[in-house]
Amino acid sequence: MEEQDYKTPKALMAAVVGMGVLIIVGVVVLVGVVIHRMNAPHQPALASAIPLTDTRNAHLALGPDEHMLAITRVHDDLLAIQIASKEHERIMLWNVATGQVQPGLETIQP
C-alpha cells in the first residue's frame, strides 16, 4: 500500500502564522497597558460628604446678563461657583454646611 504525502495548504499556514503574530502582539499590548496604568498617577474618587437631605438653600444674586458657567467642589462642604457676564467673570464660594455665599475672585474682560 502506498502512503500519500499530505501537504498543508499555504493559505492555512499563512492563517496560523498570522493568528500567532496577532496573539503575541495582543499580549505585548496588554502588558504595556497594565504597566502604563500601574505607573500613572492615581487619582482617588472623591466621596461626597455633603448630606443631600439636609442641605440649605443659598440665594445668589445674579445680574440680568450673568449666568453660572460651572460649579466645582473645593472641599467637603465648599463649592466654587463660576459666574460670567459680557463684562466680567467671577468666582463665588458657597459653604454648603452654613448656606453662606462668600465673594471670591473677579476678573474684567477687555
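Please read these numbers as outputs of a predicted model, since none were measured by experiment. Numbers here simply count residues along the sequence, with the first being 1. Values below: every heavy atom of this structure, side chains too, minus hydrogens, waters and symmetry copies.
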- Task: State, to 0.1 Å, how close D65 and K86 come at their nearest heavy-atom pair, and which atoms those are.
- Result: OD2-N, 4.0 Å
- Item | Reference residue R37; test side chain to side chain contact (heavy atoms under 4.5 Å, CB included); the match among V33, N39, V34, I35 | V33
- Kindly work out whether a path of hydrophobic side-chain contacts (I/L/V/M/F/W/Y, heavy atoms less than 4.5 Å apart) joins V21 to V29. yes
- Item | Within one Ile-Leu-Val-Met-Phe-Trp-Tyr cluster: V96 and V101, side-chain cutoff 4.5 Å | yes
- Query: If two hydrophobic side chains count as joined below 4.5 Å and joins carry through other members, does M92 share a cluster with M68?
  - Reply: yes
- Task: Flag the pair D77 / N95 as yes when at least one side-chain heavy-atom distance between them is below 4.5 Å, and no otherwise.
- Result: yes
- Message: Run Q82 and R90 through side-chain contact (heavy atoms from CB on, under 4.5 Å) and show every step you take.
- Response: CA-CA 6 Å; Q82 182 182 4; R90 60 184 171 144; over 6 Å; no
- Task: Taking all non-hydrogen atoms of both residues into account, name the closest pair between R73 and L79 and its distance.
- Result: CA-CD2, 3.6 Å
- Task: May I ask whether W94 and L62 are part of the same hydrophobic cluster, defined by side-chain heavy atoms of I, L, V, M, F, W, Y residues being less than 4.5 angstrom apart, directly or through others?
- Result: yes
- Can you tell me if NE2 on H67 sees more than 12 non-hydrogen neighbours from other groups inside 6.0 Å? yes
- How far apart are the closest heavy atoms of L93 and L78, and which atoms are they? CB-CD1, 4.1 Å
- Decide yes or no on side-chain contact (heavy atoms from CB on, under 4.5 Å) for I83 and I81, but give the supporting numbers first. CA-CA 6 Å; I83 301 168; I81 304 170; 4.0 Å; yes
